[in-house]
Amino acid sequence: MSRHLIRPFREADLPASAGLLAERHQEHRKRHPLLPADYESERLALVEVTALWESESASGAVILEDGELTGYLLGAPKPSTMWGPNIWVEAAGHAVREPEHIRDLFAAAATKWVDDGRIAQYALVPDDPELLDAWFRLAFGSQHAHAIRPAPTTPPPEYPRLTVRRAVRDDIAVLAQLDLVLPQHQALSPVFSAGEMPTMQEALDDWEESIDDPDYATFVAEYGGRVIGSSIGCSLDKSSSHSGLARPDNAGFLGFAAVLPEARGHGAGRALGEAVLQWSADTGYTSVVTDWRVTNLLSSRAWPKLGFEQTFHRLHRLIGY
């Protein structure tokens with residue numbers, strides 16, 4: 001039988017950890033070939049792991065079997081107060097040969113995290129059933145989905161009485177109103193998100209400044225001559241939530257969509273999503289990425305129906321309650 005040793009992560013562990021990460025990403029791309037191929041290279045995987053290790057207050061653990069490093073776990077806090085007293089294990093922050101060993105690594109690393117008061121814990125985990133099961137048996141639950149699909153090759157269908165077009169300055173008032181609709185919805189059951197809510201004036205000011213920004217494609221849906229929803233597409237490079245292993249090459253991003261509550265049920269959400277998909281194809285992107293709170297009953301049902309397949313699960317655990 002092999003002998004296991006678990007100890008704190010050290011700088012000298014970076015090359016071996018990068019090799020494990022490259023192996024994990026190779027397997028992940030067998031399920032999702034649109035994910036970036038670059039990180040199958042140990043050299044580029046090393047860049048990702050090193051960046052995490054050099055993050056402020058980063059710490060973690062490794063497991064060695066007969067002297068060989070076969071797993072690692074790295075976490076670091078984010079400064080934003082919206083995440084609580086937090087620690088984050090990013091997409092490049094863990095890799096194991098044996099999924100069960102993530103539980104041993106967490107047991108070692110989390111001792112310091114909790115001692116430091118970092119009881120709000122997050123992990124970005126590939127959609128590997130055995131690895132997810134190991135995290136679930138650490139009392140983590142699914143919070144957020146990252147997903148991808150190819151850019152469409154055929155135009156979207158037409159919807160009766162529904163028109164989707166590019167937004168213009170005359171739409172600013174309703175665009176600002178829709179900016180509040182999503183966080184208002186996310187604050188309700190069963191999401192209960194504590195995200196920041198902009199004021200109407202802040203939303204108006206933002207749209208006055210950004211409506212003509214060529215880096216963003218804003219669409220509105222009209223039903224019976226009234227604007228009832230909006231969506232925004234852009235390059236995935238604009239999203240800080242999708243980086244490294246989770247950022248496909250040449251990808252568009254469905255970054256926002258909302259429909260007025262009283263106007264739901266006419267297909268506007270789907271049509272607005274399809275508008276961003278078509279814009280991505282017309283722009284030359286080969287894939288499109290989006291994400292959603294899994295407790296958001298609307299988006300978690302709408303986006304998979306548009307062909308998005310989940311690639312990473314953001315898991316969450318709050319310790320002590």
(request) Keeping the roles fixed (side chain from Thr311, backbone from His146), state whether a donor-acceptor pair exists under 3.5 Å. (result) yes
(request) Measure across Tyr72 and Ala92 and return the closest heavy-atom pair with its distance rounded to 0.1 Å. (result) OH-O, 2.6 Å
(message) Looking at every non-hydrogen atom in both residues, tell me the closest pair between Tyr223 and Pro160 and how far apart they are.
(response) CE1-O, 4.2 Å
(request) For Trp303 and Asp291, run side chain to side chain donor-acceptor pair (under 3.5 Å): C-alpha distance rounded to whole Å, both residues' side-chain angles, the deciding distance at 0.1 Å, then the answer. (result) CA-CA 9 Å; Trp303 302 147; Asp291 58 83; over 6 Å; no
(message) Centre-to-centre under 6.0 Å for His28 and Phe312, is that the case here?
(response) yes
(request) Using the test ring pair (Phe, Tyr, Trp, His ring centres under 6.0 Å), find all partners of Tyr285 that sit at least two apart in sequence or belong to another chain. (result) Trp279
(message) Between Gln121 and Arg317, do the side chains contain a donor N or O and an acceptor N or O under 3.5 Å apart?
(response) no
(request) Could you tell me whether Glu262 atom CD has more than 12 heavy atoms of other residues or ligands within 6.0 Å of it? (result) yes
(message) If you count every heavy atom of other residues, nucleotides or ligands that lies below 6.0 Å from Arg43 atom CZ, does the total exceed 12?
(response) no
(message) Do the side chains of Asp171 and Arg165 get close enough for a salt bridge, i.e. N-O under 4.0 angstrom?
(response) yes
(message) Centre-to-centre under 6.0 Å for Trp135 and His94, is that the case here?
(response) yes
(message) Give me the atom names and distance for the closest heavy-atom approach of Ala167 to Val220.
(response) CB-CG1, 4.0 Å
(request) Output yes when Lys78 and Glu90 qualify as a salt bridge under the 4.0 Å nitrogen-oxygen rule, no when they do not. (result) yes
(message) Please give me the minimum heavy-atom distance between Ala151 and Val288, naming the atom from each residue.
(response) CA-CG2, 4.2 Å
(request) Heavy atoms only: give me the nearest Ala221-Leu272 pair and the separation to one decimal. (result) N-CD2, 3.7 Å
(request) Check whether any side-chain N or O of Asp116 sits under 3.5 Å from a backbone N or O of Arg118 as a donor-acceptor pair, and report yes or no. (result) no
(message) Less than 4.0 angstrom from a charged side-chain N to a carboxylate O is my criterion; do Asp13 and Arg7 meet it?
(response) yes
Name the atoms and distances for all side-chain donor-acceptor pairs under 3.5 Å in residues 246-258, with sequence neighbours left out.
| unit_1 | atom_1 | unit_2 | atom_2 | d |
| --- | --- | --- | --- | --- |
| Arg247 | NE | His242 | O | 2.6 |
| Arg247 | NH2 | Ser239 | O | 2.5 |
| Arg247 | NH2 | His242 | O | 2.8 |
| Asn250 | ND2 | Gly284 | O | 3.1 |

(request) Give a yes or no answer on whether the side chain of His25 reaches the backbone of Pro36 with a donor-acceptor pair at less than 3.5 Å. (result) yes
(message) Taking atom CD as the centre, does Glu130 end up with more than 12 heavy-atom neighbours from other residues, nucleotides or ligands that are less than 6.0 angstrom away?
(response) no
(request) Look at Arg169 together with Asp212 and state whether they make a salt bridge at an N to O cut-off of under 4.0 Å. (result) yes
(request) Look at Arg226 together with Glu222 and state whether they make a salt bridge at an N to O cut-off of under 4.0 Å. (result) no
(message) If we ignore hydrogens and angles and just use 3.5 Å, is the side chain of Arg103 paired with the main-chain N or O of Arg137 as donor and acceptor?
(response) yes
(request) Would you check if there is a donor-acceptor pair between the side chains of His185 and Asn296 at a distance under 3.5 Å? (result) yes
(message) Any carboxylate oxygen within less than 4.0 angstrom of a Lys/Arg side-chain nitrogen, looking at Lys30 and Glu27?
(response) yes
(request) Would you confirm whether the ring centroid of His4 sits within less than 6.0 angstrom of the ring centroid of His101? (result) yes
(message) Do the side chains of Arg97 and Glu68 get close enough for a salt bridge, i.e. N-O under 4.0 angstrom?
(response) yes
(request) Could you tell me whether the side chain of Asn86 and the main chain of Gly84 form a donor-acceptor pair under 3.5 Å? (result) yes
